[in-house]
Amino acid sequence: MSDLEKVLKDVVHGGIGAVATVIEAGSGLAKAFVEKGQEITADLKQAAEEACEACKADPGVDVRSLTPQQRATLRRQLDELDAEEAAQAEAAEGGEAPEVTYTTGDESAPAEDDAAEDDHP
C-alpha cells in the first residue's frame with residue numbers, strides 16, 4: 001500500500017499545484033485586463049478630445065466647394081425651412097396646424113407609380 005499512498009500524495013500535490021497555478025495565472029490575467037482597459041480608456045479619451053478640438057477649429061461647410069446640384073438642393077431645403085417657419089408662425093397666430101410637405105430628391109424624375117401607369121393602357 002505504500003505505492004498507493006505515494007501515488008495518492010502525488011495526485012493531491014499535483015491538484016494543489018494546479019489550483020495554485022490557476023489562481024496565480026488568474027490574478028495576472030485580471031491585472032492584464034485592468035491595464036488594457038485603462039490603456040484603451042485613455043486612448044479613447046484622447047481621441048474624443050482631438051475630435052472636439054477639430055470640430056471647434058472647423059468653420060463648417062464651405063459653400064464654394066459645393067456642386068451646382070448641391071447648392072440647388074441647399075437652396076430648396078432653406079426655402080422649405082423658411083416656408084415651414086412662416087407657416088408655423090401663421091398657425092401660432094391663427095390657431096391652426098400647418099401642413100408641411102418635404103422633398104427629398106430630384107423631382108424631375110418620374111415616380112415609380114407614374115411610370116407603371118404609362119406601361120399599361
If you group Ile, Leu, Val, Met, Phe, Trp and Tyr by side-chain heavy-atom gaps below 4.5 Å, do Leu78 and Val63 land in one group? yes

From CD1 (Ile16) to OG1 (Thr21), nearest 0.5 Å: 11.5 Å

Just wondering, do Lys6 and Lys9 contact through their side chains at under 4.5 Å, heavy atoms? no

Here the gap from Leu44 atom CG to Glu39 atom CD, rounded to the nearest 0.5 Å, amounts to 10.5 Å

Tell me if a side-chain donor or acceptor on Gln70 pairs with a main-chain N or O of Thr67 at a distance below 3.5 Å. yes

What distance do Arg75 atom CZ and Leu66 atom CG have between them, rounded to the nearest 0.5 Å? 9.5 Å

